[in-house]
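For ligands, and for the atoms within them, numbers begin at 1 and follow the listed sequence. Bear in mind the structure is a predicted one, so any value in this text is a computation, not a measurement.
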Amino acid sequence: MSAATPLPAQGRPRDEVLADLQRFAADDPDYKAGRLWSLVYWLDEAHDDFLGDAYQAFSSANGLNPTAFKSLKRLETEIIATVAGLLHGTPEVCGIVTSGGTESCLLAVKTYRDLARATRGVKRPEMVLPVTAHVAWFKAAEYFNVRVRLLPLDAGLRPDLRKLPRLINRNTVMLLGSAPEYPHGTIDPIEAMGRIAQDKGVPLHVDACVGGFILPFVEMNGRPLPTWDYRVPGVTSISADIHKYGFAAKGASTITYRNLDLLKHQLFVYEDWPGGVFASAGILGTRPGGAYAAAWAAMQHFGEAGYRDLARRTMEAFDRMRDAITAAPELYVMGEPSGPLLAYGSRDPQVNIFAVGDQLDAKGWTVNRLQKPDGLHAMITAGHLGVVEDYLRDLREAVATVKANPALAKEGSAATYGMMAHVPLRGMVREKVRDLFVQMYKAGGGEVDLHAAPPPQGRVDALLEKAARWYVERKQRRG
Ligand SMILES: *Cc1c(COP(=O)(O)O)cnc(C)c1O
């Protein structure tokens with residue numbers, strides 16, 4: 001689309017329109033073949049069709065008013081009750097279905113900010129986030145004006161709990177732990193965090209957006225995991241996405257609270273609107289019935305046995321990858337990932353890990369880059385079990401290639417990140433990335449050349465490269 005793309009004067013036949021859509025998808029990452037290690041949780045065509053049918057049956061239904069569509073309220077109630085059970089909640093655990101993990105995280109911050117204001121008169125709210133908290137929490141901080149107190153990591157990349165008590169003060173509205181955290185797949189020490197939270201009298205939210213629909217089944221399959229859910233007394237709420245390891249259609253997550261006294265601070269009510277007295281539980285107005293239906297359908301279809309089987313296959317792929325990377329002399333696995341995701345870096349000064357990533361890209365894989373420390377990322381799903389050996393073979397080749405050609409560290413994403421490390425003014429980087437990103441949204445769609453390939457993982461790696469170039473060139477101009 002561009003500004004020169006008007007609405008067709010005459011409508012076009014449905015078949016033709018659908019064919020266009022199919023054509024547009026041809027340039028997207030090849031997730032169906034397992035080449036993509038993030039963003040998509042894909043099973044097979046039959047499951048896609050099933051989700052599509054469930055979605056379609058409710059695609060016009062609106063969950064805005066929970067008293068109107070009784071079907072949707074029922075789906076929501078059943079989804080939340082099931083999730084509460086999986087998370088070992090008591091019968092008081094309650095919650096809502098949201099449009100995604102970010103909405104769930106935003107809501108937790110809004111809820112705890114308002115709870116603290118109502119019960120403790122907190123006017124300058126703060127929250128404690130481990131450095132590894134998902135970026136959605138930093139977004140929430142900005143949207144809702146809650147100051148972030150960062151909890152640093154220890155040498156093992158775990159939140160350094162010795163530093164936690166000092167970060168909590170009378171303005172603290174919540175603490176956050178993740179199960180697992182997104183960058184390295186490590187489950188934060190939730191039991192210890194729960195004790196500190198209770199001791200200080202502050203709520204503790206567990207971000208299980210990515211883990212919520214797999215860790216319970218990993219545990220049922222007999223693998224011991226640290227306890228992170230409502231069994232930990234200090235945990236007051238949990239976010240869990242159905243559109244990740246629940247294999248729902250995109251647009252479905254949950255936020256649950258230990259009880260209604262917490263949830264009630266999430267609600268919005270406005271009584272003087274000419275459009276009527278208005279109340280809503282989440283951020284959205286119109287809420288997509290199709291997403292609820294597809295999420296409910298997925299949960300019913302898999303059942304405990306289905307999710308356990310997916311978890312088993314996922315963890316088999318995870319184990320193989322973790323073991324192979326640990327065994328490679330040039331590489332190491334970061335932190336202590338519990339699965340289903342992990343990150344790895346280089347422990348060989350001759351092997352630039354981003355150059356390894358570039359080699360993997362060239363072999364048709366799509367992998368995310370991490371920073372602080374530098375690494376590559378893999379969000380592993382059951383579908384990857386069939387390709388994990390191919391990936392590991394290509395990884396070994398990539399490492400060998402980089403080792404034999406040190407100049408590769410000066411090209412591609414390796415060069416970008418190398419440069420980025422030398423840009424001291426982070427605020428300047430932020431502004432530059434913002435400017436470049438905005439270009440993609442200018443009228444007509446913008447022409448930011450994100451390499452020739454599709455933008456990497458919805459992140460801004462290519463934009464970062466431009467920002468870094470801009471900075472380095474500016475520095476050279478100024479001598
Ligand atoms: C994915 C994720 C989120 C955000 O969820 P979206 O559905 O992408 O909005 C939040 N926290 C963690 C740990 C995640 O992995």
Side-chain angles (χ1 to χ4, degrees), residues 31 36-42 79 83 87 95-110 127 129-144 148 151 153 157-159 174-188 190 193 204-216 218 225-226 228-229 235 237-256 282-284 287-288 291-292 294-295 298 314 318 334-335 337-343 368 370 377-381 455-460:
Y31 57 86
L36 175 66
W37 295 89
S38 66
L39 292 172
V40 176
Y41 304 76
W42 195 76
I79 289 169
V83 168
L87 302 178
I96 75 162
V97 175
T98 67
S99 58
T102 298
E103 188 186 353
S104 299
C105 300
L106 293 181
L107 282 171
V109 174
K110 177 245 173 307
M127 62 179 162
L129 303 181
V131 167
T132 44
H134 192 273
V135 71
W137 296 95
F138 296 88
K139 190 189 240 183
E142 194 171 302
Y143 282 15
F144 295 123
V148 173
L151 177 58
L153 307 181
L157 296 178
R158 289 178 174 282
M174 63 167 279
L175 312 182
L176 178 82
S178 303
E181 41 88 323
Y182 172 88
H184 317 115
T186 302
I187 298 177
D188 286 342
I190 303 296
M193 295 178 92
L204 170 61
H205 180 92
V206 174
D207 182 358
C209 280
V210 70
F213 268 81
I214 185 162
L215 296 181
V218 170
L225 293 176
W228 57 270
D229 60 14
V235 171
S237 54
I238 300 177
S239 45
D241 292 354
I242 323 175
H243 67 196
K244 289 180 182 159
Y245 287 92
F247 286 86
K250 292 279 188 288
S253 169
T254 60
I255 178 158
T256 56
I283 292 178
L284 301 190
R287 296 167 85 202
Y292 294 29
T314 305
F318 169 82
M334 292 181 183
S338 59
L341 52 136
L342 58 73
N368 270 347
L370 302 182
H377 197 249
M379 179 92 75
I380 298 159
T381 64
Q457 308 105 33
R459 291 176 31 181
V460 288

* Locate the shortest heavy-atom distance separating Gly212 from Trp228; write the atom from each residue and the value. => CA-CH2, 4.3 Å

* Under the salt bridge (Lys or Arg N to Asp or Glu O under 4.0 Å) rule, what pairs show up with a residue in residues 238-249, not counting sequence neighbours? -> Asp241-Lys244

* So, Thr186 side chain and Asp188 main chain: donor-acceptor pair closer than 3.5 Å or not? -> no

* **Ser104 to Thr254 - nearest heavy-atom pair and separation** => OG-O, 3.3 Å

* **Pocket residues of ligand 1, ordered first by chain and then by residue number (heavy-atom cut-off under 4.0 Å)** => Gly100, Gly101, Thr102, Cys105, His134, Tyr182, Asp207, Cys209, Val210, Asp241, His243, Lys244

* Asked: Would you say the side chains of Ser178 and His134 form a donor-acceptor pair under 3.5 Å?
  -> no

* **Exam field: side chain His184 to backbone Ala343, donor-acceptor pair closer than 3.5 Å** => no

